[in-house]
2 protein chains.
Amino acid sequence: MAVVRQSPNMSAIAAALGVSAATVSNALSGKGRVSPELAEKVRATAAALGYVPSLTARALRTGRSGVLGLVLPDIGNPLFPQIAQAIENAAAALGYGVLIADSRGDIATQTEAINRLIERGVDGMVVVPRRGTRIADIGCPVAVIDTPSTPGNTVSADHWQGGEAIGRHLAQLGHRRVLLVGNNKSSNVQSDRIGGLRAGLGLGVHCDTLWIETIEDAGGPGCPLGLADKARSGFTAFAAVSDLSALRALTELQRAGIGVPEMVSVTGFDDLIWSPVVTPALTTVRMDLPTIADLAIGALIRVIEPEAEGEAATAAAATRVSCLTDRVPMQLVVRQSSGPASSLLPDAAAGAEPALLTLPKSWHAKNQTQPTAGEPKI
Amino acid sequence: MAVVRQSPNMSAIAAALGVSAATVSNALSGKGRVSPELAEKVRATAAALGYVPSLTARALRTGRSGVLGLVLPDIGNPLFPQIAQAIENAAAALGYGVLIADSRGDIATQTEAINRLIERGVDGMVVVPRRGTRIADIGCPVAVIDTPSTPGNTVSADHWQGGEAIGRHLAQLGHRRVLLVGNNKSSNVQSDRIGGLRAGLGLGVHCDTLWIETIEDAGGPGCPLGLADKARSGFTAFAAVSDLSALRALTELQRAGIGVPEMVSVTGFDDLIWSPVVTPALTTVRMDLPTIADLAIGALIRVIEPEAEGEAATAAAATRVSCLTDRVPMQLVVRQSSGPASSLLPDAAAGAEPALLTLPKSWHAKNQTQPTAGEPKI
DNA sequence: TCTGCCTGATTAATCGTTTAATCAGAAAAG
DNA sequence: CTTTTCTGATTAAACGATTAATCAGGCAGA
């Protein structure tokens, strides 16, 4: 039994065929001038010997590592798995690896993480910035995934449009007093979503915004948000800017005996993993992460792998991925947590009650499987 | 204004000081014989020039890339953020980068992902295997995070002990009929957790196990699990093997008008992100992921960076991280979703009503528009 | 027949670091 | 005064791929 053979290199293939290593390189890459027959023989013996090119050596020579960095504000974020998965898939499809870096929500750590990635020689990076921060111009192609209102080059979901979709959905269901549930005022993403919600609800709808972090500053983490009182005071819908907040609202309302969606509606954002399996399943809006990841990675690759272009032009744009901001539409997913407006207010009940009664019996059944973009009729 | 200077290399430092590149290398690494004064000067100019060592070149020369791979069965898993974060932190602390690979729940993709990592020259990898799979002996140090009952070298939480903790907790609260809620029968982790639960509950407690996937095979994804009926038939506690299932159970029960924890208790596993913020906050059991990550990474590093050891011995163990299986204790987190056993059984009490009457008066008032149990009328 | 072009391959330099081998000079030992 | 030892540094060879420059022939045109 032979010893474990080290993975053979190009010289091994070259020696086996009696040619030079350069010829092997040319044959495998198809770049130089090699006769077709020899190229075929090279490929055959490469396969036979189990040749695996050393990406390290290639990186040293070419200056490109074939690795992209992914910087995330907080890996604990429940949306992170989807982002990471989408980015990893898009990168892998183009032959790139993905190195992760966690900035732990800290700005200093974020820049430190970015530096670590640069030292590791990534060819480019995708950054989901901590809210409120901008990414400085580092000497490396960067694609930012945030929100279109962030200045700079970003690819992102169209959070505003997503908010509009939810807003229109609720307005069409007859809701006239809606409580918007946000987490943190300084998040650009959340601001966009709330702006879109207000726009989608229209002028005839009364909106208030409740900020969870403000309440928790007083009541401690995980404290009650007082949503039942809000419901009793006439709000018939609770539109959260994240499924996590929506879940919190849903359970708090259910716990207080307020039925969802018969009494109030609850909607979220992002279609996180639990959204389809809670009862009632959450109506939410979904980011098209595969597309976003493809755009971000594609923009990076376009800078990293220059094709036939003027050198001056590419050099100038070398560290900025693209001049335009891409916004990818979000998709409304109607499930059971949203329904026609009812009211817990004794004095306002007269108008809302009929809607509840005229609802087709199969309404929820129809809506539970199809994530339709169009709003359901009532 | 000078042109953008390329990051200087060792030769630049050497030239600036009039010494050889080898001396610079020795000075910075502290390995060869360099006079202390010169070493200090080298460090100073290195800092002054903004020298950043090329990890690529070092990797090529030493054969070690300083990168570890992380293979995950399904990045969509809600536990993933915590695992990735813990692994990334542990690796970064030791100067290693982390390359992620998603096996998308597929066995073929898993091996393919592992191969991609090997081609990229990772020094070792941490694998969270898809349930039911074993990791073949690849020519690369591997640490497996799974469950102690998986054969092979694994680091993991002590799922059995975690189950015991929950089981004892429920038993002490007086629960005598407990429904265990699992997802998938073939998961070793889930089997361990269920085994631990049964052990912790003890012999005097009646247990049934409900498998969500089995139910969904018939009812479709997200279908009702019929837990309210289970509650009415006498189960007073629902112990899920994951917080996701627990959340599903919690909302389904709440929706059916069954109060948690007054009527039934619900517990989960893993302390996922929503567990503290739902109402009632979930009683669960938490993995000590930082410790698990430290153990896994530490075991890898021990193989990768051999210290003063016999060569034969290390060569033999080169691809297997350690012979012993580490199991890290889990920590019970008691929150509001578990409480003293009540009963909805008509024969155990006058009926469902009494339990309901022990609730705060406001609770019942808020629910008066709804029938006590069963689906809401629309 | 000689020059020039084209093809198919080789040579050798290069990326930046590590490290074994070597070397010059000074101090210590004989 | 010579020999040995030790110190502090240098030289040069890797690591494995890429690639510009070069070269040996074959073939066609003049």
Side-chain angles (χ1 to χ4, degrees), chain A residues 5-43 45-46 49-67 95 118-123 304-306, chain B residues 5-43 45-46 49-67 95 118-123 304-306:
Chain A
R5 103 178 40 190
Q6 301 291 13
S7 70
N9 54 16
M10 284 200 157
S11 318
I13 302 178
L17 285 170
V19 298
S20 76
T23 301
V24 175
S25 174
N26 284 331
L28 293 178
S29 67
K31 285 199 136 180
R33 293 186 299 211
V34 187
S35 68
E37 316 85 70
L38 181 52
E40 183 48 45
K41 278 205 294 184
V42 168
R43 277 190 292 269
T45 52
L49 294 178
Y51 168 69
V52 181
S54 158
L55 300 189
T56 307
R58 180 179 297 166
L60 177 59
R61 178 60 226 249
T62 62
R64 293 210 311 254
S65 60
V67 173
I118 292 180
E119 286 176 23
R120 292 214 174 275
V122 297
D123 295 334
I304 294 168
E305 300 176 1
Chain B
R5 98 180 43 189
Q6 302 290 14
S7 70
N9 55 16
M10 283 197 159
S11 317
I13 301 177
L17 285 170
V19 298
S20 76
T23 302
V24 175
S25 174
N26 284 330
L28 292 177
S29 68
K31 283 198 139 180
R33 290 186 299 209
V34 187
S35 67
E37 315 86 70
L38 181 53
E40 183 48 44
K41 278 205 292 185
V42 168
R43 276 190 293 268
T45 52
L49 293 178
Y51 168 71
V52 181
S54 158
L55 298 189
T56 307
R58 181 178 297 166
L60 176 59
R61 176 60 226 245
T62 63
R64 294 210 310 254
S65 60
V67 173
I118 291 180
E119 286 177 22
R120 292 214 173 274
V122 298
D123 295 335
I304 294 168
E305 299 176 2

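To find a chain, count down the sequence lines: A is the first, B the second, and so on, and within it residues start at 1. Just so it is clear, the values below take in all heavy atoms, side chains as well, and ignore hydrogens, waters and symmetry mates.
Residue-to-nucleotide proximity on DNA chain D shows that, of P36(B) and T62(B), the 5′-proximal contact is made by P36(B). Across the interface with DNA chain D, nearest-nucleotide mapping of S20(B) and N9(A) shows S20(B) to be the residue nearer the 5′ end.
Distance CD1 (I13(A)) to C1' (dT18(D)): 15 Å, rounded to an integer number of Å. Remark: P of dC15(C) and CE of M10(B) are 15 Å apart, rounded to the nearest angstrom. Summarising the geometry, the separation between CZ on R64(B) and C1' on dT17(C) is reported as 14 Å, rounded to the nearest angstrom. Rounded to whole angstrom, the span from the CG atom of L60(B) across to the C1' atom of dT18(D) amounts to 12 Å. Across the protein-nucleic acid pair, E37(A) atom CD and dA9(C) atom C1' stand 13 Å apart, rounded to whole Å.
A donor-acceptor contact shorter than 3.5 Å links the side chain of R120(B) to the backbone of G66(A). In this structure, the side chain of T56(A) does not engage the main chain of A59(B) through any donor-acceptor pair within 3.5 Å. The backbone N or O of K41(A) sits less than 3.5 Å from a side-chain atom of T45(A), completing a donor-acceptor pair. Not a single donor-acceptor pair under 3.5 Å links the side chain of N26(A) to the backbone N or O of K31(A). Side chain of S7(B) to main chain of V52(B): no donor-acceptor pair is present (N/O by atom type, distance under 3.5 Å, no hydrogens or angles).
The distance from atom CG of N9(B) to atom CG of L49(B), rounded to the nearest 0.5 Å, is 10.0 Å. Within the model, atoms CD1 of I13(B) and OG1 of T23(B) stand 12.0 Å from one another, a figure rounded to the nearest 0.5 Å.
Looking at heavy-atom distances under 4.0 Å, L38(B) makes contact with sugar-phosphate atoms alone, never a base. Here S35(B) lies in heavy-atom contact (under 4.0 Å) with sugar-phosphate atoms only.
The side-chain heavy atoms of L38(A) and V42(A), taken from C-beta on, include a pair separated by under 4.5 Å.
For R61(A) and dT14(C), a side-chain-to-base donor-acceptor distance below 3.5 Å is present, hydrogens and geometry of angles not being considered.
Within residues 24-33 of chain A, the residues having any heavy atom closer than 4.0 Å to DNA chain C are, in order of number, R33(A).
Helix-axis bend for the helix from dT1(C)-dA30(D) to dG30(C)-dC1(D): the local axis fitted to the five terminal pairs at one end deviates from that at the other end by 70°, rounded to 10°.
Residue S11(B) places none of its side-chain N or O atoms closer than 4.0 Å to OP1 or OP2 of dG16(C). Contact between the side-chain N/O atoms of S54(B) and the OP1/OP2 oxygens of dC15(C) is not found at any separation under 4.0 Å.
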Let me see the working for V24(A) and Y51(A) under side chain to side chain contact (heavy atoms under 4.5 Å, CB included), right down to the final yes or no.
-> CA-CA 11 Å; V24(A) 175; Y51(A) 168 69; over 6 Å; no
